[in-house]
Student: 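Structure in C-alpha cells, see below.
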Amino acid sequence: AFIWNLEIGKCSKAGQYSKALQFFNQMQSEGVKPDKYTFVLVLKACSRLAALEEGKLIHQQVIESGCQSDVFVGNCLVNMYTECGSIKDACTVFINMPTRDLVTWNTMISGYVKCAESQKALETFQLMKIEEVWPDRITFVSVLSACANLAILEEGILAHSEVFRSSCESDISVGNCLIDMYIKCGSMESASRVFNNMSTRDVISWSAMIMGYAKDGQGETALKLFSDMENHSVQPNNITFMGALTACGSIESLAMGRLVHAQVLESKRESDVFVGNCLVDMYCKCGSIEDAYRVFKGMPNHSMVSWSTMLGGYSMHGYGKEAFRLFDNMCQEGWEID
RNA sequence: AUUUUGUAGCGCGCGA
C-alpha cells in the first residue's frame with residue numbers, strides 16, 4: 001500500500017484528483033488493501049471533486065477496514081461531506097468520532113460557514129471551548145466570517161476578544177477577517193482601528209478598507225487610502241481598483257473617475273469583466289452615460305451584471321429609448337431574464 | 001507519505 005500511497009499522494013500534490021481516484025481503483029483491482037493514509041488521500045480527492053457518491057463508497061470501505069476511529073480519516077470524512085454539500089452526513093460523522101482534535105473542530109466550523117449556517121458555526125465554536133480545545137488562526141478565520149455573515153456586532157466583538165485571548169491578533173489573515181467583520185457589522189471606525197494597528201497589511205487589508213469606505217459613502221477617505229497604498233508599496237489588484245471606482249461613483253466625482261479609469265487602462269485591467277462593470281457603474285453614477293456606454297461597448301465580454309448596470313444607468317437618466325434598444329440587443333444575444 | 005482556513009470585489013430588484 002505504501003508504494004500506491006506515494007503515487008496517489010503525487011497526484012494529489014499536483015491537483016490531479018481524478019487521477020488519484022483512478023490509481024485508487026487500480027490499486028484495489030490488483031488486490032492491494034488501502035490503509036488509513038490511502039483513505040486520507042482519496043477522501044481529500046473526493047472533497048476537491050465534490051464527488052459525493054465516490055465519497056460515500058469510500059466511507060463504506062473505511063468502516064469495513066476499521067479505520068474510522070483514526071482522527072485524520074475522520075477529519076477527512078467530515079471535510080468530504082461538507083465540501084460535497086452534505087452537512088448532515090458531516091455532522092453524523094463528527095458526532096460519532098471517538099476523538100476530535102483542533103482540525104476536526106475547524107473543519108466542522110468552516111463547514112457550517114460554507115453552507116450558510118453561521119449560527120451553527122458559532123455554536124460549534126462554543127462547544128469546542130467547553131471541550132477545552134483551544135482555537136487557532138484557522139478557527140478565527142471561520143468564526144469571524146460567521147460573525148460577518150450574521151452582521152451581529154456584539155458577536156464580532158466577543159470573537160475579537162477571543163482573538164486576543166488566543167494571541168492571534170498579529171496574524172494578517174485574522175486581522176483581515178476582523179476588518180471584514182467590522183465592516184459587515186457596520187462599524188467602519190472599528191475596522192479602521194484594526195487596520196491602523198496592524199503591523200503589516202497586504203492587498204486584502206487595503207482593498208477591504210477601500211471598498212468599506214466606498215460603500216459607507218466615504219468616497220474621499222477611500223480614495224485617500226487608495227493613493228496611500230503606493231507609499232506603502234502594496235500593489236493594487238483588480239479588486240482594489242473596483243473599490244476605487246465604487247468610491248468615485250459614491251461621491252459622483254467624474255474627474256476622479258476618469259483619473260482612476262486612466263490608471264485602469266495603464267495597468268491593462270479593462271478587459272476584466274468585473275472591472276468593466278465597475279467602470280460602467282461609475283460613469284453612470286457620475287452622470288456620464290456616454291462614457292458608460294463607450295466602456296460597455298468596448299468590453300470584450302459581458303455578464304448579466306454588465307447589461308443590468310447599463311440598462312439601469314439609462315433608465316436612471318431618462319434614456320428610455322436607448323434602454324429599450326439595449327434590451328433588444330441583450331435578448332438577441334441570447335440573455336434571459338430571471 | 002496524510003487532514004482543516006467562503007479574509008477583500010461589480011448592477012438592479014425584492015424581502016426584513
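Within every chain, numbering begins at 1; the chains are lettered A, B, ... in the order of the sequence lines, protein sequences first and strands thereafter.
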Student: Would you tabulate the side-chain donor-acceptor contacts of residues 247-257 of chain A under 3.5 Å, counting partners in other chains and residues two or more places apart, or write 'none'?
Tutor:
unit_1   : atom_1 : unit_2   : atom_2 : d
A:Ser250 : OG     : A:Ala247 : O      : 3.1
A:Ser253 : OG     : A:Met256 : N      : 3.1

Student: Can a donor-acceptor pair be found, under 3.5 Å and without considering hydrogens, that links the side chain of A:Asn196 to the backbone of A:Ser192?
Tutor: yes

Student: Kindly state which residues belonging to residues 101-113 of chain A come within less than 4.0 angstrom of RNA chain B, counting heavy atoms of the residue only, listed by number.
Tutor: A:Val103, A:Asn106, A:Thr107, A:Ser110

Student: Is the backbone N or O of A:Gly156 less than 3.5 Å from a side-chain atom of A:His160, with the two atoms forming a donor-acceptor pair by type?
Tutor: no

Student: Send over the distance from A:Phe140 CZ to B:rU7 C1', rounded to a whole Å.
Tutor: 15 Å

Student: With sugar-phosphate meaning primed atoms plus P, OP1 and OP2, does A:Arg269 contact a base, only sugar-phosphate, or nothing at under 4.0 Å between heavy atoms?
Tutor: nothing

Student: NA contact type, A:Asn237, heavy-atom cut-off 4.0 Å: base, sugar-phosphate, or nothing?
Tutor: base

Student: Identify, with sequence neighbours excluded, every residue that meets side-chain hydrogen bond (donor to acceptor under 3.5 Å, both in side chains) alongside A:Asp202.
Tutor: A:Asn176, A:Ser205

Student: Side-chain atoms of residues 105-112 of chain A: list all donor-acceptor pairs with protein atoms under 3.5 Å, sequence neighbours left out, distances to 0.1 Å.
Tutor:
unit_1   : atom_1 : unit_2   : atom_2 : d
A:Asn106 : OD1    : A:Thr139 : OG1    : 2.6
A:Asn106 : ND2    : A:Asp136 : OD1    : 3.3
A:Thr107 : OG1    : A:Val103 : O      : 2.6
A:Ser110 : OG     : A:Thr107 : O      : 3.4

Student: Could you check A:Phe327 against A:Trp307 for ring-ring contact (aromatic ring centres under 6.0 Å, His included), going step by step and ending with a plain yes or no?
Tutor: CA-CA 8 Å; A:Phe327 186 76; A:Trp307 291 98; 9.3 Å; no

Student: Can you tell me if A:Arg201 touches the phosphate of B:rA8, counting only side-chain N or O atoms and a distance under 4.0 Å to OP1 or OP2?
Tutor: no

Student: Stems involving RNA chain B: give each as a range paired with a range, ordered by first number, where a stem means at least three consecutive Watson-Crick or G-U wobble pairs under 3.5 Å.
Tutor: none

Student: Tell me, for nucleotides 9-16 of chain B in 5' to 3' order, what letter each nucleotide earns: B for a base near a protein heavy atom under 4.0 Å, S for only sugar-phosphate near one, - for neither?
Tutor: BBB-----

